[in-house]
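The structure under discussion appears below in the form of structure tokens.
FYI, side chains are in, hydrogens and waters are out, and symmetry mates aren't considered; it's all heavy atoms of this structure. Below, chain A is the first sequence line, B the second, and so on; all start at residue 1.
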Amino acid sequence: MKIQCDLCPKRCIISPGESGDCRIRVNIDGRLHAVTYGYPCALHVDPIEKKPLFHFLPGTKAFSIATAGCNLHCRNCQNWEISQSAPVDVPAYKAPPSKIVESALKHNCETVAYTYTDPSAFYEYTLDTSKLIKKENRKNIIVSAGYFNPVPLRRLCRYIDGANIDLKFIHDKYYREICGGTLKPVLDVLQILVEEGVHLEVTNLVIPTLNDNSRDIKKLCSWIFNNLGKNIPLHFSRFYPQYKMKNLPPTSISILKRALNIAKDAGLEYVYIGNVIGEKWESTFCPNCGRLLIEREGYYIKKNVVKYGCCPYCGYSIYGVWS
Amino acid sequence: MKRRKFLKILLFTVIGICFANILSLAEKYTKKTIRLIKNNKYPGRIKPINEETILKEGSWSG
Ligand SMILES: [Zn+2]
């Protein structure tokens with residue numbers, strides 16, 4: 001019997017003995033099995049700044065997990081060796097949710113991050129682990145392309161404290177051509193996360209000749225400003241040629257700086273440039289008085305003066321999770 | 001003539017189905033793999049957990 005998976009907007013109709021587009025969810029005798037449940041292919045202790053989350057417990061550690069497979073197939077994927085492979089071909093650890101909790105506590109991690117590939121594909125594993133983590137008074141974060149259906153996303157939101165979501169393009173055409181997805185569900189996911197009170201930061205990878213023109217950047221920033229709020233941090237990330245997109249050059253620093261200025265002009269309060277080390281665009285300034293609040297060097301926090309979630313100089317409330 | 005046309009259509013249909021299968025991203029599992037999945041076992045290789053590797057900063061992006 002064929003079954004339909006309703007986890008992500010692809011809504012795959014899966015024949016017996018086959019998987020959905022994500023390669024994770026398999027139809028066995030008319031029931032869906034998530035084959036990577038409890039079998040992560042990656043376990044790492046990362047600085048939370050690497051996700052990137054800049055306004056969420058700065059300087060803390062995130063116990064980061066991922067399983068093989070993904071529901072999108074981006075031609076520029078940085079983690080394609082694990083995201084674009086079937087679980088059969090990717091070695092994994094045996095780590096049920098309880099083991100993840102034990103390891104996260106052992107390594108003194110404030111949060112567990114469901115990342116690298118996509119928690120929208122290893123959903124049940126994310127959901128069950130995050131429930132246990134909440135019982136330990138720790139926090140959960142997702143790093144995702146945001147390709148969820150609303151119902152499963154809202155269920156997950158009960159246990160998720162923070163999210164960094166890729167808004168890859170502001171045009172549906174590129175989502176279809178580059179990622180094998182569509183734009184609308186991602187925009188919906190961003191709005192749902194804000195509605196559900198999940199701390200949100202957005203990442204946009206600036207790819208030369210595709211989405212690096214001023215008009216698209218302006219459109220993307222205005223959408224964030226109008227639909228999510230001026231205080232949602234936006235990370236412009238530098239593209240490096242890889243996987244199926246080796247024909248394009250790395251993004252020039254001048255284009256990233258232009259993007260940053262467009263975002264500020266559009267009214268966004270916190271804009272950063274990522275994947276570029278040694279620049280001041282990875283530090284946080286008070287949007288009201290302009291003073292330096294959090295000084296970063298790579299993933300290292302050199303200074304953090306945010307006090308009770310406010311600027312100590314002018315009292316302006318700084319968006320984020322600070323304790 | 002009619003038979004020839006029918007065979008031609010049949011041949012293209014078969015080729016079409018083959019291509020669609022090759023291009024499809026859906027994974028088709030063997031009986032052995034399905035047995036493993038049914039028993040909640042991982043279909044790929046299991047690697048031992050190494051605490052030192054966990055502590056090293058991840059090489060993956062994100
Ligand atoms: Zn201030």
Side-chain angles (χ1 to χ4, degrees), chain A residues 12 14-24 26 28-29 33 35-39 41-47 50-52 63-64 66 68-69 73 77-79 81-82 84-95 99 103 106-107 113 115-117 143-144 164 166 180 203 275 299, chain B:
Chain A
C12 298
I14 309 170
S15 298
E18 290 189 10
S19 76
D21 202 29
C22 62
R23 303 178 178 190
I24 290 179
V26 181
I28 310 262
D29 302 335
H33 282 249
V35 297
T36 61
Y37 185 101
Y39 294 104
C41 61
L43 295 176
H44 290 289
V45 175
D46 285 343
K50 182 170 175 276
K51 302 298 121 193
F63 193 83
S64 306
H73 308 293
C77 183
Q78 297 189 315
N79 297 337
E81 291 101 323
I82 50 175
Q84 302 306 312
S85 301
V88 182
D89 301 319
V90 182
Y93 305 105
K94 188 175 181 186
K99 172 69 188 166
S103 292
K106 185 177 164 191
H107 291 288
T115 178
Y116 306 141
T117 55
V143 181
S144 168
N164 185 304
D166 269 341
T203 294
N275 260 357
Y299 305 136
Chain B
M1 205 59 199
K2 238 182 179 177
R3 204 183 124 159
R4 213 178 205 186
K5 203 175 171 189
F6 172 75
L7 284 173
K8 226 177 181 177
I9 291 169
L10 186 72
L11 181 70
F12 278 116
T13 311
V14 170
I15 292 172
I17 291 170
C18 289
F19 261 110
N21 269 305
I22 291 165
L23 291 175
S24 158
L25 279 161
E27 209 65 30
K28 288 158 201 70
Y29 287 92
T30 61
K31 276 185 180 159
K32 189 189 155 201
T33 312
I34 287 173
R35 208 165 40 239
L36 284 171
I37 297 171
K38 264 186 189 173
N39 294 321
N40 292 321
K41 297 233 167 66
Y42 190 65
R45 186 170 69 79
I46 293 288
K47 51 184 179 181
I49 293 181
N50 179 336
E51 294 294 331
E52 271 178 35
T53 316
I54 289 178
L55 273 173
K56 268 191 233 153
E57 189 186 293
S59 55
W60 303 112
S61 169

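- With a threshold of 4.5 angstrom between heavy atoms, S64(A) does not approach chain B through any atom at all.
- Between the CD1 atom of I46(B) and the OH atom of Y39(A) there is a distance of 5.5 Å, given to the nearest 0.5 Å.
- Of the atoms belonging to I28(A), it is side-chain heavy atoms, and not backbone ones, that fall under 4.5 Å from chain B.
- Separating the NZ atom in K38(B) from the NE2 atom in H33(A) is a distance of 8.0 Å, to the nearest 0.5 Å.
- Contacts of F63(A) with chain B are made by side-chain atoms alone, with heavy-atom separations under 4.5 Å and no backbone atom involved.
- Considering every non-hydrogen atom in both I54(B) and H107(A), the closest pair reads CG2-NE2, 3.8 Å.
- In terms of heavy atoms, E81(A) sits closest to W60(B) at OE1-CZ3, 3.6 Å.
- Residue contact with chain B, scored on non-hydrogen atoms closer than 4.5 Å, involves the side chain of D29(A) exclusively.
- The distance from atom OG1 of T36(A) to atom CD1 of I37(B), rounded to the nearest 0.5 Å, is 10.5 Å.
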Requested in this report: Test V90(A) against Y42(B) for side chain to side chain contact (heavy atoms under 4.5 Å, CB included), laying out the working first.
Outcome: CA-CA 10 Å; V90(A) 182; Y42(B) 190 65; 4.1 Å; yes
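- Of the possible polar contacts, one joining the K47(B) side chain to the C41(A) backbone as a donor-acceptor pair under 3.5 Å is found.
- For the residue pair T115(A) and G62(B), the shortest heavy atom distance occurs at OG1-C, 3.2 Å.
- Contacts between A113(A) and chain B at a heavy-atom distance below 4.5 Å are absent for every atom of the residue.
- When atom types are taken as modelled, the side chain of K50(A) and the backbone of S61(B) share no donor-acceptor pair closer than 3.5 angstrom.
- Interface remark: of the candidates T30(B), I34(B), N50(B), T33(B), I34(B) forms the most heavy-atom pairs closer than 4.5 Å to chain A.
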